[in-house]
Visitor: 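Below you'll find the structure I mean.
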Amino acid sequence: MLELQNVSYVLPDGHAILRDVNLSIDERFVAVTGPNGSGKSTLAKLIAGIYMPTSGKIILDGEDITTLSITERAKAGISFAFQQPVRFKGITVKDLISIAAGRKITLSETCAYLSEVGLCAKNYVDREVDASLSGGELKRIEIAMINARGTKFSVFDEPEAGIDLWSFNNLIEVFRKMYEKTKGTILIISHQERILDIADRIIVVSGGTISASGTKEEILPGLLGTVSPCRFVKEEVANGQH
Ligand SMILES: Nc1ncnc2c1ncn2[C@@H]1O[C@H](COP(=O)(O)OP(=O)(O)O)[C@@H](O)[C@H]1O
Ligand SMILES: [Mg+2]
C-alpha cells in the first residue's frame, strides 16, 4: 500500500503545484486523470522520487520513503515510466530490458517482452535506445522494461501517447498480465476511457488537488458529462488517430 499524507509540492517562488494531497492506494489498477497542467505528472514524479515533496510524507508498505532517492525507491519496488521517456545512447534495447529485469535474460524472453507491447522484436533487440527511435517506440520499450522489472508499484505516465490503436488494445492486456505477475499496484495516468474503464479506482487531479476519487461508476459519469478530454480521446481513437 502506498500512502501520501498531506503531500505538497511548492516551487521556491511560492507557487503550489500540488497542495495537501492525501491518498491511500492498494488497489490493483488505479487511473489518475484530469486536465493538462493539473499536477498529474508531478504527482507521479513525487511517488518515484524525481521530485521531493516540500511537505508531507510518502509511505510504502509502512516504510517512510519520503527522503529516499530515485534509486532507493526503485529498490523498494517502485517503477516509473515517463510521459517523455529518457534515451540512453550506447545501450541496446536488449541490454536495457536485461538491466530492468535485474538478470541476464534470453533473447526469446526479450522478444516476448517486445512483442507484448506491439514491437516486431527482431527489428529492435539490437537497436540503441537513442534518438533514432520514435517517441511511440520509446514509450513501448519503456513499458516492456517495466514489465520485465515486475515491481510491486508501477507508475505509467500517459502510456497511450504516440501509440496506435492496435498496439493500444494489446497494451491493456500487458497491464492485466503485469498485475497477474506482480500482484502489486499499477497506477496509470491517462485520458483514455478504456484505461479508466478497467481501473479499480479513478483519481481526478485538478488545480493541484485531488478533486475526486472513487470507482468508475462513481467518477466516469461526471467526467464524461463535464470534462471533455475523455470524450475527445475516445473520438480520436474512433477516428484512428491514436
Ligand atoms: N519543476 C517545475 N517548475 C516549474 N513549474 C513546474 C515544474 N513541474 C511542473 N510545473 C508546472 O506545474 C503544473 C503541473 O504540471 P504537471 O504535473 O506536468 O501537469 P500534468 O501532468 O497534469 O499535465 C504545470 O503548470 C507545470 O508547468
Ligand atoms: Mg503530465
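Starting from 1, each residue takes its place in the sequence as its number. First listed ligand is number 1; within each ligand, the first listed atom is number 1. The structure presented is a predicted model; accordingly, all values stated were derived computationally and were not measured.
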Visitor: Is the closest protein non-hydrogen atom to atom 27 (O) of ligand 1 under 4.0 Å?
Guide: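 Protein heavy atom within 4.0 Å of atom 27 (O) of ligand 1: absent.
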Visitor: Which atoms from ligand 1 have a heavy atom of Pro35 less than 4.0 Å away?
Guide: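 Matching atoms, with element in brackets: 22 (O).
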Visitor: Determine whether any heavy atom of Gly208 lies closer than 4.0 Å to an atom of ligand 1.
Guide: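 Flag not set, Gly208 not near ligand 1.
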Visitor: So, is Thr42 polar-close to ligand 1, with some N/O to N/O distance under 3.5 Å?
Guide: yes
Visitor: Do Ser38 and ligand 1 have an N or O pair less than 3.5 Å apart?
Guide: yes
Visitor: Less than 3.5 Å between some nitrogen or oxygen of Gly37 and one of ligand 1, yes or no?
Guide: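 Yes, at least one N or O pair falls under 3.5 Å.
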Visitor: Can you pull out the closest protein heavy atom to atom 18 (O) of ligand 1? Residue, atom name and distance to 0.1 Å, please.
Guide: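 Scanning the protein heavy atoms, the shortest distance from atom 18 (O) of ligand 1 goes to Ser41 CB, 3.5 Å.
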Visitor: Return yes or no for this condition: an N or O of Ile17 is under 3.5 Å from an N or O of ligand 1.
Guide: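 In this structure, Ile17 places no N or O atom under 3.5 Å from an N or O of ligand 1.
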Visitor: Any carboxylate oxygen within less than 4.0 angstrom of a Lys/Arg side-chain nitrogen, looking at Arg176 and Glu173?
Guide: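 Looking at Glu173 together with Arg176, the answer is yes, because their closest N to O distance falls below 4.0 Å.
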Visitor: Any side-chain donor paired with an acceptor under 3.5 Å for Thr209 and Arg19?
Guide: no
Visitor: Does the residue Gly39 have a heavy-atom contact with ligand 1, meaning some pair of atoms that are separated by less than 4.0 Å?
Guide: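 Yes, Gly39 has a heavy atom closer than 4.0 Å to ligand 1.
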Visitor: Minimum heavy-atom separation for Thr66 and Met52, please, with both atom names.
Guide: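 Shortest heavy-atom contact: O-SD, 3.4 Å.
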Visitor: Looking only at side chains, do Ser98 and Asp95 share a donor and an acceptor under 3.5 Å apart?
Guide: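 There is no such pair between these side chains.
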Visitor: Side chains of Arg201 and Thr215 only: does a donor on one sit below 3.5 Å from an acceptor on the other?
Guide: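 Side chains of Arg201 and Thr215: no pair found under 3.5 Å.
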Visitor: Kindly assign one of parallel, tilted or perpendicular to the pair Tyr179 and Phe29, based on the angle between their ring planes and the thresholds 30° and 60°.
Guide: tilted
Visitor: At what distance is the nearest protein heavy atom to atom 1 (N) of ligand 1, and which residue and atom is it?
Guide: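 Minimum-distance protein heavy atom for atom 1 (N) of ligand 1 reads Tyr51 OH, 3.5 Å.
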Visitor: Is the closest side-chain donor-acceptor distance between Gln83 and Ser41 under 3.5 Å?
Guide: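 Gln83 vs Ser41: donor-acceptor pair found between side chains.
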Visitor: Quick one: angle Gln83 OE1 - the Mg ion (ligand 2) - Ser41 OG, to the nearest 10°?
Guide: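 With the Mg ion (ligand 2) as the vertex, OE1 (Gln83) and OG (Ser41) sit 80° apart.
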Visitor: With a 3.5 Å cut-off and no angle check, do the side chains of Thr151 and Ser79 form a donor-acceptor pair?
Guide: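 There is such a pair between these side chains.
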Visitor: Do Glu160 and Ser190 have side-chain N/O donor and acceptor atoms under 3.5 Å apart?
Guide: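 Side-chain D/A pair, Glu160 to Ser190: present.
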Visitor: Starting from atom 2 (C) of ligand 1, find the nearest protein heavy-atom neighbour and note its residue, name and distance.
Guide: Leu11 CD2, 4.0 Å
Visitor: Would you check if the Mg ion (ligand 2) lies under 2.8 Å from any N, O or S atom of Asn36?
Guide: no
Visitor: Just wondering, is there an N, O or S atom on Thr42 that's nearer than 2.8 Å to the Mg ion (ligand 2)?
Guide: no
Visitor: Give me the atom names and distance for the closest heavy-atom approach of Ile97 to Ala144.
Guide: CD1-CB, 4.1 Å
Visitor: Could you tell me, atom by atom, which parts of ligand 1 come under 4.0 Å of a heavy atom of Asn36?
Guide: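 Checking each atom against Asn36, I get 23 (O).
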